[in-house]
Student: 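Please find one structure pasted underneath; my questions will follow.
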Amino acid sequence: MLKKVLTLVLVRDVAQQRVLLGMKKRGFGAGKWNGFGGKLEPGETVEEAAKRELLEESCVHAEELLPAGRIEFEFQGDPCLLDVHVFTVEKYKGNPHETEEMRPLWYEEGEIPFDKMWADDRFWFPLMLEKKLFKARFLFKGHETILDQSLQVVDAL
Ligand SMILES: CSc1nc2ncnc(N)c2[nH]1
C-alpha cells in the first residue's frame, strides 16, 4: 500500500465555543465543509505543512498547533492510504478570509454541519472538542459511504 501523509487543522475559538470550517471550492472534497490542510511539500515537517496550508487556505496564522489525532483513510479500490495528522489551533493571528480553495465560516460547537461534511467527522469531532487524543481508521466506498471504521482514545499519538 502507498501512504500519503496529509494534515488537517481545526481552528477553535474556545471563548465563543466555535470551530472554523472551510467550504472546499474545488478539488478533493469540494462541496463539503472541511478542516484546513493538505499535502506536505518536500523538506517540510508535518507541522510546517499544517501551518502553511491553514494560512494559504484561510489567511489564519497558527501560533501553536495542538496534536489532536491521527486518522488513516482507505478508499475501496484505491491503493493509496491517506495518513492524516489532525491538529487543533487555539492561538492564532489574523481573521479568516475566503481564498480560491476555501470559504471559511465559524460554526458553534453544537451546530457543526455534519451532514455537509465528510462522513467520518461526526465520529471523531466530539473527541477532538473534548481534547481526547484519538486514533481512527475509516474505509470508504466512494466519498460518502463508510464500510468499516475503528476509533479509539489514546494516551499518545
Ligand atoms: C479524506 S476523508 C476527510 N475527512 C475529513 N474531515 C475533515 N476535513 C477533511 N479535509 C477531511 N477529509
Side-chain angles (χ1 to χ4, degrees), residues 1-13 18-41 44 46-60 62 65-90 92 96-153 157:
M1 279 282 192
L2 283 170
K3 200 171 244 194
K4 189 157 122 182
V5 177
L6 296 173
T7 64
L8 184 58
V9 176
L10 283 306
V11 181
R12 299 185 67 177
D13 173 349
R18 303 186 304 178
V19 181
L20 187 68
L21 297 175
M23 173 46 73
K24 189 86 179 330
K25 294 162 63 175
R26 62 185 188 192
F28 189 67
K32 294 184 191 309
W33 291 102
N34 292 260
F36 299 88
K39 298 187 280 289
L40 275 59
E41 287 175 355
E44 242 182 353
V46 173
E47 285 78 7
E48 286 163 347
K51 287 184 175 182
R52 175 183 51 75
E53 286 281 353
L54 176 65
L55 188 61
E56 284 174 4
E57 292 183 347
S58 73
C59 307
V60 170
L65 285 174
L66 303 173
R70 198 76 181 267
I71 309 175
E72 195 168 86
F73 291 108
E74 183 180 349
F75 291 86
Q76 201 177 52
D78 181 337
C80 186
L81 275 179
L82 304 182
D83 174 14
V84 179
H85 294 245
V86 185
F87 297 95
T88 56
V89 171
E90 296 180 6
Y92 55 89
H97 288 285
E98 182 165 356
T99 61
E100 285 179 359
E101 288 283 310
M102 290 284 218
R103 177 165 55 86
L105 191 63
W106 289 104
Y107 279 91
E108 305 268 323
E109 287 181 5
E111 296 171 3
I112 303 291
F114 288 117
D115 54 0
K116 297 189 188 78
M117 297 167 76
W118 284 95
D120 53 290
D121 293 13
R122 71 195 71 213
F123 297 106
W124 54 267
F125 251 65
L127 298 177
M128 172 191 68
L129 295 177
E130 290 164 17
K131 297 188 181 232
K132 291 179 177 162
L133 288 178
F134 65 89
K135 280 189 175 176
R137 242 181 76 66
F138 294 94
L139 170 61
F140 270 85
K141 178 174 191 211
H143 283 193
E144 305 303 330
T145 308
I146 294 174
L147 294 179
D148 194 28
Q149 68 178 58
S150 69
L151 176 61
Q152 59 200 20
V153 174
L157 285 176

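Only this structure's heavy atoms are used, side chains among them; waters, hydrogens and symmetry mates stay out. Both ligands and their constituent atoms are indexed starting at 1 by order of listing.
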Student: Please report whether the ring centroid of W118 lies less than 6.0 Å from that of F140.
Tutor: yes

Student: Are the side chains of T88 and M128 in contact, using a 4.5 Å heavy-atom criterion?
Tutor: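 Yes, close enough: below the 4.5 Å cut-off.
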
Student: Are any side-chain N or O atoms of S150 and backbone N or O atoms of A136, one a donor and one an acceptor, separated by less than 3.5 Å?
Tutor: no

Student: Do you know the tightest heavy-atom contact between K24 and G27?
Tutor: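 Smallest interatomic distance, heavy atoms only, reads NZ-C, 3.9 Å.
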
Student: Any donor-acceptor pair under 3.5 Å linking the side chain of E57 with the backbone of T99?
Tutor: no

Student: Between Y107 and W33, does the ring centroid distance fall short of 6.0 Å?
Tutor: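 Judged by ring-centre distance (under 6.0 Å), Y107 and W33 do meet the cut-off.
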
Student: List, ordered by chain and residue number, the protein residues whose closest non-hydrogen atom lies under 4.0 Å from any atom of ligand 1.
Tutor: L8, F28, N34, G35, F73, F75, L82, W118, D120, D121, W124

